[in-house]
Amino acid sequence: MADALQNYIDGKWVDAQDGDRLDVFNPATGEVIATAPSSKQADVDAAVAAARRTFDDGTFWPGMSARERGRILLNAADIVRREHDRLARMESLDAGKPIGEATEDIAEVAFMFEYYGGWASKIAGESQHMDADAMFMVWKEPVGVAVGITPWNYPLMMATQKVAPAIAAGCTFILKPPEQTPLTCLELPKILEEAGLPTGVFHVLTGFGETAGAPLVAHPSVDKIGFTGSREVGKLIMRSGADTLKRVTLELGGKSPNIVFADADFESAVEGSANGVFWNQGEICSAGTRVFVENAIYDDAVSALSNRATSLVLGDPSGEDTTMGPLVSKEQQERVERYLEIGSGEARVAAQGSTPSDPTLANGYFVPPTIFADVTNDARIAREEIFGPVMSVIPFGAIDDVLTMANDNDYGLAAAIWTKDIKKAMRAAQALRAGIVWINDTQPAPTEMPWGGYKQSGVGRELGKHGLDDYLEEKAVYVNLAD
Ligand code: NAI
Ligand code: MG
């Protein structure tokens with residue numbers, strides 16, 4: 001019997017009020033592994049009422065000291081470390097990611113709690129004297145009731161990078177996890193309760209975007225939305241949030257350029273370029289899916305990248321030898337397969353890996369890793385986010401041409417540059433319209449570093465100190481000291 005999971009609202013585990021449920025699948029086999037509440041407006045109303053009441057009564061903020069808020073987050077880090085293996089296995093099972101990658105994710109989740117635990121006691125404002133008779137202060141206050149709406153590619157990380165700074169800031173918080181992968185997000189209430197978080201601060205309700213996510217965005221008692229997901233839904237959230245002028249931060253993925261100059265260290269550039277598309281099955285917002293390669297090394301690079309694609313081992317994500325798991329859902333598998341068809345009409349298939357032969361995985365959502373070569377920058381596979389193990393390789397001659405092509409896309413989340421020439425690297429980094437630029441590396445996203453996009457990749461920044469600022473308001477307090 002599949003586990004029947006529940007919402008966590010105001011310190012209690014509850015079903016959706018109408019009893020409706022959704023199925024949670026093992027993407028490697030297509031089997032149902034759990035069911036979770038399909039929450040609706042009534043459940044949203046209950047969660048928001050509790051979060052609002054807890055915020056407004058002042059017991060959490062300013063009632064609890066900043067040190068104590070920090071201590072709770074540090075305790076949460078310890079608990080995540082204690083539960084690390086169990087959480088990593090759960091994440092791997094639910095999202096279909098290789099266990100080695102899930103292991104790294106959970107380790108970073110623990111650090112996120114630690115990092116923002118440290119920040120809680122360092123949130124300070126400013127003051128300025130006008131003259132002897134007047135001064136003003138700028139106070140940092142929590143934004144209020146915050147909501148996180150999160151995606152399935154890094155379930156616990158995407159939730160934690162919103163929840164941890166929100167608690168550090170003194171907000172109350174409602175999490176709406178992805179319908180595809182709610183398992184680890186539903187562990188958060190247990191972790192935070194054991195860590196000492198007071199009842200009423202944190203709530204989780206599962207459900208679909210249209211029925212559980214949309215009412216949270218529209219709710220007049222919610223102050224802030226932190227969203228990670230598709231550009232399409234990001235636009236809906238911005239429009240709907242406008243009615244009550246919510247603070248909205250959006251992280252909406254991309255079509256990131258990965259530029260390999262002929263003077264790069266060839267081995268590391270090939271390895272990095274492949275990892276930037278094939279890690280996490282390519283289900284990465286910042287994946288370097290447009291691989292620009294300088295003419296002089298183009299043929300060699302295409303063949304080396306092809307070898308990397310065909311040597312990937314697709315299989316059960318819990319297997320030690322597996323280097324690529326299934327995509328997260330049937331829907332995502334079909335979406336990526338459509339792009340494989342589109343790409344076959346637009347470019348040359350340079351290499352394609354194989355799906356697992358194991359009959360127990362026959363119904364899993366596997367897609368063969370694929371390299372398209374001789375792609376033009378205006379092809380659909382070079383313009384649209386695919387979110388699967390699909391690379392488009394595009395040749396280039398001059399640096400100005402590649403920078404023009406790299407910027408010629410509506411997205412602007414990330415970019416990678418491979419070269420031994422520091423001047424070239426810095427000049428390219430300066431010209432690229434992207435929120436994150438990696439030089440001679442791909443995908444590092446340390447918790448200390450701000451994360452977010454230019455252009456249609458989003459609004460605002462998460463992680464680092466910047467990720468805390470979005471959960472804080474600034475109050476200017478002016479004092480007349482004259483007699
Ligand atoms: P999605 O944007 O529909 O889902 C993300 C979250 O938003 C989920 O929790 C979902 O329930 C919620 N949501 C959906 N519609 C909503 C609405 N109207 N109001 C409020 N919340 C809503 O993403 P989906 O459908 O899972 O994936 C589609 C594509 O989105 C992917 O193929 C990929 O290109 C992109 N994507 C980007 C991600 C990123 O990291 N930036 C993560 C996941 C998907
Ligand atoms: Mg969707």
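In this text, all values refer to a predicted model and were calculated from it rather than measured experimentally. We use all heavy atoms of the structure for the numbers below, so side chains are in, but hydrogens, waters and symmetry mates are not. For ligands, and for the atoms within them, numbers begin at 1 and follow the listed sequence.
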What atoms in ligand 1 come closer than 4.0 Å to a heavy atom of Gln180?
26 (O)
Could you work out, for atom 32 (O) of ligand 1, the closest of Glu384, Lys235, Glu232, Arg335 by heavy-atom distance?
Arg335
Of the listed options Ser230, Pro177, Cys285, Ser286, closest to atom 2 (O) of ligand 1 (non-hydrogen atoms)
Ser230
Distance-only polar pair, side chains of Glu31 and Asn26, donor-acceptor under 3.5 Å
no
Side-chain ion pair, Glu187 and Arg86, N-O less than 4.0 Å
yes
Less than 3.5 Å apart, any donor N or O on the side chain of Ser273 or Asn258 sitting next to an acceptor on the other?
yes
In terms of side-chain heavy atoms, does Glu448 have a donor or acceptor partner in Tyr115 at a distance below 3.5 Å?
no
Quiz question: by atom type and distance under 3.5 Å, do the side chains of Gln443 and Ser286 form a donor-acceptor pair?
yes
Closest by any non-hydrogen atom to atom 6 (C) of ligand 1: pick that one out of Thr150, Leu216, Ile225.
Thr150
Counting from 1, what ligand 1 atoms have a heavy atom of Leu252 closer than 4.0 Å?
41 (N)
Taking the side chain from Arg231 and the backbone from Leu252, do they hold a donor-acceptor pair closer than 3.5 Å?
no
Looking only at non-hydrogen atoms, find the nearest pair between Arg52 and Asp223 and report the distance.
NH1-OD2, 2.8 Å
Atom 18 (N) of ligand 1 has as its nearest protein heavy atom Leu236 CD1, 3.8 Å
Pick whichever of Trp152, Phe227, Tyr154 has a heavy atom sitting closest to atom 5 (C) of ligand 1.
Phe227
Atom 12 (C) of ligand 1 sits nearest the protein heavy atom Ile149 CG2, 3.6 Å
Does this structure show an ion pair linking Lys97 with Glu283, if we count only N-O contacts that are shorter than 4.0 Å?
no
Tell me which part of Glu283 gets within contact of ligand 1: side chain, backbone, both or neither, using heavy atoms under 4.0 Å.
neither
Just heavy atoms, cut-off under 4.0 Å: does Ile284 contact ligand 1 by side chain, backbone, both, or neither?
neither
Would you say that Lys255 contacts Ile386 through its side chain, given a criterion of any heavy-atom pair below 4.5 Å between the two side chains?
yes
Just by distance, with hydrogens left out, do Gln6 and Lys12 show a side-chain donor and acceptor under 3.5 Å apart?
no
When you compare ligand 1 with Glu331, is there at least one nitrogen or oxygen pair between them that comes in under 3.5 angstrom?
no
What atoms in ligand 1 come closer than 4.0 Å to a heavy atom of Ala214?
19 (N), 20 (C)
Within-cut-off N or O pair, Glu385 and ligand 1, under 3.5 Å:
yes
Tell me which protein heavy atom sits closest to atom 43 (C) of ligand 1, plus the residue, atom name and distance to 0.1 Å.
Pro151 CB, 3.5 Å
Within-cut-off N or O pair, Val233 and ligand 1, under 3.5 Å:
no
For the residue pair Trp451 and Trp438, categorise the inter-ring angle as parallel (less than 30°), tilted (30 to 60°) or perpendicular (more than 60°).
tilted
Provide the number and element of each atom of ligand 1 under 4.0 Å from a heavy atom of Glu251.
41 (N)
In terms of ring plane angle, is the pair Trp61 and Phe55 parallel, tilted or perpendicular, where the classes change at 30° and 60°?
parallel
Identify the protein heavy atom lying closest to atom 33 (C) of ligand 1, giving its residue, its atom name and the separation to 0.1 Å.
Phe387 CG, 3.4 Å
Which atoms of ligand 1 have any heavy atom of Gln332 under 4.0 Å away?
31 (C), 32 (O)
Structural part of Glu179 in contact with ligand 1, heavy atom criterion under 4.0 angstrom:
side chain
Please indicate whether any nitrogen or oxygen in Phe208 is less than 3.5 Å from any nitrogen or oxygen in ligand 1.
no
Using a strict cut-off of 4.0 Å, indicate which atoms of ligand 1 neighbour a heavy atom of Gly253.
41 (N)
Any side-chain donor paired with an acceptor under 3.5 Å for Arg290 and Asn377?
yes
Shortest protein contact, atom 17 (C) of ligand 1 (heavy atom only):
Gly209 O, 3.5 Å
